[in-house]
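Presented below is the structure to which this report refers.
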Amino acid sequence: MSSHLLSVDSLSREHVNHLMRVASRMEPIAQRRQVTRVLEGAVLGNLFFEASTRTRVSFHAAFCRLGGSVCDTTGFTFSSMAKGESLYDTSRVMSGYCDAIVMRHPDQGSVAEFAAATNVPVINGGDGPGEHPSQALLDFYTIDKEFTRLGKTLAGAHLLLTGDLKYGRTVHSLIKLLSLYDPMRITLVSPPGLEMPGYLIDLVESRGHRVEQRDSLNSDFSDLDVVYTTRIQKERFTEDMIESFAGVSQDFTVDRAFLDRHCTDTTIVMHPLPRDSRPGANDLSVDLNGDPRLAIFRQTDNGIPVRMAIFATLLQVDDLIEKDLREVRWFVPTRIGIDDRQL
Ligand code: ASP
Ligand code: CP
């Protein structure tokens, strides 16, 4: 693994397997049963120039749970980029203050440009419609964990990826990561105009996977193991696109009726979140709340051990974790969410 995490392109199957093993060793800390201080004294710079809840807060929390501290900047308005400072200068300045940097930025390639100006590890927290590699790692960790619980294997599994596959950066990173593994079946369903970029389909097919593309959820699907839904990325649309896609989203809604028709008791439903819950948004339906197949909050919880593993590996403390553990002393509820169940 290189000194930065900018794209899944820099990861081999061995790197991913290592990160998955380190992440599972982080579980007792992520689940608030044990405490470590391996990153005591280290400082993270968390630079978010686009909206975020999960990525920003879970990277922050993951660094704190390893014993480090975090400096945050949110939005252009409160950064000196608003005064015309370049990515190069910002990178060099931040590197003098911080031991690792996470950045989210609306322009594809911007995080790589920032990383090119520093030897401090940089993690891409999302660069426009480009990539979101830490999300792909936590998605993969979730699939692996859920499949282990359900007694399934990844080889030969059938995954459905649906929604905005053109601008959705999470699916760009996820499909590259899945392609490193043994052949599986991947069905892509998106509104016309929002299809997965062709070069990614070519890459996945060249590695032996079976890819099928459809433009509607109202067709026949069989043997689905994973339904991975995504939000229409309206913030990336031009004015005329907003008009032409108005109303389209309702045909791409995954809800209880879709699950009843196409899925089994062992299909899992994922979404990188946020889901747009405003009336008319037609994102992943809330009528699935409480259904054990809905894995979205197990998925968000998995963001902590996976992001801890990324930091521990990049900062080379992954071998020290077990030497530094203590029991927690504060109150932790046994069920975090009201709908959580023991599976
Ligand atoms: N939160 C994810 C991202 O930033 C997915 C989304 O926003 O729809 O890429
Ligand atoms: N999944 C994800 O990246 O969420 P945020 O946009 O809230 O960070």
Side-chain angles (χ1 to χ4, degrees), residues 5-8 23 44-63 70 72-75 101-112 123-143 161-177 188-191 194 196-197 200 226-237 241-242 245 248-249 252-254 269-278 281-286 294-308 310:
L5 178 60
L6 303 174
S7 158
V8 172
L44 171 71
N46 220 14
L47 303 181
F48 277 73
F49 300 110
E50 259 196 346
S52 172
T53 296
R54 272 144 293 273
T55 313
R56 185 170 54 84
V57 177
S58 65
F59 267 123
H60 189 133
F63 208 80
V70 184
D72 264 314
T73 293
T74 315
I101 298 167
V102 178
M103 184 160 118
R104 171 172 287 187
H105 192 285
D107 297 337
Q108 187 163 353
S110 54
V111 185
I123 300 167
N124 180 3
D127 61 326
E131 279 212 44
H132 195 344
S134 67
Q135 178 73 43
L137 287 162
L138 78 88
D139 290 342
F140 186 75
Y141 184 76
T142 302
I143 293 170
L161 310 186
T162 181
D164 186 345
L165 307 182
K166 178 174 181 182
Y167 296 109
R169 56 195 171 199
T170 71
V171 281
H172 299 166
S173 292
L174 179 61
I175 203 165
K176 280 187 188 176
L177 200 151
L188 304 172
V189 186
S190 53
L194 297 181
M196 179 72 75
L200 286 170
V226 178
V227 177
Y228 189 103
T229 59
T230 64
R231 183 178 64 85
I232 304 288
Q233 310 280 298
K234 286 203 192 94
E235 67 273 34
R236 314 251 176 252
F237 286 13
M241 284 173 80
I242 292 178
F245 284 103
V248 163
S249 56
F252 291 85
T253 301
V254 170
V269 179
M270 299 174 63
H271 190 305
L273 298 184
R275 60 178 156 173
D276 189 340
S277 299
R278 291 171 291 195
N282 302 309
D283 205 334
L284 174 64
S285 176
V286 292
L294 188 70
I296 57 174
F297 298 120
R298 301 195 287 278
Q299 194 180 350
T300 50
D301 288 348
N302 288 335
I304 297 286
V306 170
R307 290 182 166 127
M308 289 174 75
I310 294 169

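Counting starts at 1 for both ligands and their atoms, in listed order. In what follows, every heavy atom counts, from backbone to side chain, and hydrogens, waters and symmetry copies are set aside. Since this is a predicted model, take the numbers as computed values, not measurements.
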* What do the steps show when you test Arg54 against Arg56 for side chain to side chain contact (heavy atoms under 4.5 Å, CB included), and what is the final call? -> CA-CA 6 Å; Arg54 272 144 293 273; Arg56 185 170 54 84; over 6 Å; no
* Does at least one non-hydrogen atom of Glu50 fall below 4.0 angstrom from an atom of ligand 1? -> no
* Asked: Which ligand 2 atoms are under 4.0 Å away from a heavy-atom of Leu273?
  -> 1 (N), 2 (C), 4 (O)
* May I ask you to check whether Gln233 has an N/O atom sitting below 3.5 Å from an N/O atom of ligand 1? => yes
* Which ligand 2 atoms does Thr53 reach within 4.0 Å, using its non-hydrogen atoms? -> 5 (P), 7 (O), 8 (O)
* Asked: Out of curiosity, is Thr55 lining ligand 1, as in a heavy atom under 4.0 Å away?
  -> no
* Answer yes or no: is there a donor N or O on one side and an acceptor on the other, between the side chain of Ser190 and the main chain of Thr162, under 3.5 Å? => no
* Structure fact -> protein heavy-atom neighbour closest to atom 4 (O) of ligand 2 works out as Arg54 NE, 2.9 Å
* **Contact check: Arg169 vs ligand 1, nitrogen or oxygen atoms, below 3.5 angstrom** => yes
* Please write down residue, atom name and distance for the protein heavy atom closest to atom 1 (N) of ligand 1. => Leu273 O, 2.9 Å
* Element-labelled atoms of ligand 2 that are located less than 4.0 Å from some non-hydrogen atom of Pro272 -> 1 (N)
* To do: For the pair Ile143 and Tyr228, evaluate side chain to side chain contact (heavy atoms under 4.5 Å, CB included) and give the outcome as yes or no after the intermediate values.
  => CA-CA 10 Å; Ile143 293 170; Tyr228 189 103; 5.7 Å; no
* Asked: When you look at Ile175 and Leu188, which way does the side chain to side chain contact (heavy atoms under 4.5 Å, CB included) test go after all the steps?
  -> CA-CA 10 Å; Ile175 203 165; Leu188 304 172; 4.1 Å; yes
* Asked: Should you measure from each heavy atom of Gln135, which atoms of ligand 2 turn up under 4.0 Å away?
  -> 1 (N), 2 (C), 3 (O)
* Output yes when a side-chain donor or acceptor of Gln233 lies under 3.5 Å from a complementary backbone atom of Arg231, and no otherwise. => yes
* **Side-chain heavy-atom pair Phe252, Asp164 within 4.5 angstrom cut-off** => no
* Decide side chain to side chain contact (heavy atoms under 4.5 Å, CB included) for Ser110 and Phe49; before the verdict, give the C-alpha distance in whole Å, the side-chain angles of both, and the deciding distance to 0.1 Å. => CA-CA 11 Å; Ser110 54; Phe49 300 110; over 6 Å; no
* Asked: Hey, does Arg104 sit under 4.0 Å from ligand 1 if you only count heavy atoms?
  -> yes
* Run through Thr300, Thr53, Thr230 and flag the one making a side-chain contact (heavy atoms from CB on, under 4.5 Å) with Leu273. => Thr300
* Asked: Going by the atom numbers of ligand 1, which of them fall below 4.0 Å from some non-hydrogen atom of His132?
  -> 3 (C), 9 (O)
* Could you walk me through whether Glu235 and Arg169 pass the salt bridge (charged side-chain N to carboxylate O under 4.0 Å, His left out) test, one step at a time? => CA-CA 13 Å; Glu235 67 273 34; Arg169 56 195 171 199; over 6 Å; no
* His132: numbered ligand 2 atoms lying under 4.0 Å from its heavy atoms -> 2 (C), 3 (O)
* Asked: So among Ile123, Thr55, Leu137, which one has a side-chain contact (heavy atoms from CB on, under 4.5 Å) with Arg307?
  -> Thr55
* Measuring from the heavy atoms of Arg104, does anything fall under 4.0 Å of ligand 2? -> yes
* Structure fact -> Residue, atom and distance of the protein heavy atom nearest atom 7 (O) of ligand 1 read Arg231 NH2, 2.9 Å
* What do you reckon, does Gly126 put a non-hydrogen atom under 4.0 Å from ligand 1? -> no
